[in-house]
Amino acid sequence: EIKERLDSLKDPVIIETGINELTSGRIERGLQILEPYTESSYRNWWPLHYYLAEAYRALGLEEEAIEGYRKVIELSPSNIESNQALADMYASAGNAEMADKYLKKVEIIRKNNER
């Protein structure tokens, strides 16, 4: 039973290591660790996609970051941080229509959270 439990913790520990690499500024190393998990049983875990999107954004990989934030929203529609990030990225790119779309979503989520 203990062996089974230890085996079940293996991937979460590796994922945490990847997140720690990202938050410590070792973005490329963190990406190497985390990217394979997008094709694993963790592919529907929204925090994985959020951290990847943040890393891609930090590296200036706008398309990958947008794809990552959109995946977060697909899995967790009321994720304020990802909606805000998309609004900011679209505004920076001069796409006012998409920026406005995501800003409105942020406002709706915040109002719903206040209730």
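No donor-acceptor pair under 3.5 Å is formed between the side chain of Ser24 and the backbone N or O of Arg26. One N or O on the side chain of Thr23 and one on the backbone of Ile19 form a donor-acceptor pair closer than 3.5 Å.
Atoms OG1 and CH2, on Thr38 and Trp45 in that order, are 13.0 Å from each other to the nearest 0.5 Å. One finds the CD1 atom of Ile33 at 9.0 Å from the CG atom of Asn20 (value rounded to the nearest 0.5 Å). We find the OG-CG distance between Ser78 and Asn83 to be 8.5 Å, quoted to the nearest 0.5 Å. In this structure, Ile73 CD1 and Asn79 CG are separated by 7.0 Å, a value rounded to the nearest 0.5 Å. Distance check: Ser76 OG to Glu81 CD gives 9.0 Å after rounding to the nearest 0.5 Å.
Connection of Ile80 to Trp46 is not established within any shared hydrophobic cluster, with ILVMFWY side chains joined at heavy-atom distances below 4.5 Å, either directly or through further cluster members. Under a hydrophobic clustering in which Ile, Leu, Val, Met, Phe, Trp and Tyr are joined whenever their side-chain heavy atoms come within less than 4.5 Å, directly or via other members, Ile15 and Leu22 fall into the same cluster. Under a hydrophobic clustering in which Ile, Leu, Val, Met, Phe, Trp and Tyr are joined whenever their side-chain heavy atoms come within less than 4.5 Å, directly or via other members, Leu9 and Leu34 fall into different clusters.
When every heavy atom of Val72 is checked against every heavy atom of Ser82, the shortest pair comes out as CG1-OG, 3.2 Å.
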Please list, one pair per line, the donor and acceptor atoms closer than 3.5 Å that link side chains of residues 87-101 to other protein atoms, with sequence neighbours excluded.
from, atom 1, to, atom 2, distance (Å)
Asp88, OD1, Gln84, NE2, 2.9
Tyr90, OH, Arg70, NH2, 2.4
Ser92, OG, Asp88, O, 3.1
Asn95, OD1, Met98, N, 3.1
Asp100, OD2, Lys104, NZ, 3.1

With a 3.5 Å cut-off and sequence neighbours excluded, list the donor-acceptor pairs that the side chains of residues 48-69 form with protein atoms.
from, atom 1, to, atom 2, distance (Å)
His49, NE2, Arg43, O, 2.6
Glu54, OE2, Tyr69, OH, 2.3
Tyr56, OH, Glu35, OE2, 2.5

Yes or no on side chain to side chain contact (heavy atoms under 4.5 Å, CB included) for Glu74 and Lys71, after CA distance, side-chain angles and deciding distance?
CA-CA 5 Å; Glu74 176 187 319; Lys71 183 68 176 177; 3.2 Å; yes
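Proximity of Glu4 to Glu1: side-chain heavy atoms (C-beta onward) are nowhere separated by under 4.5 Å.
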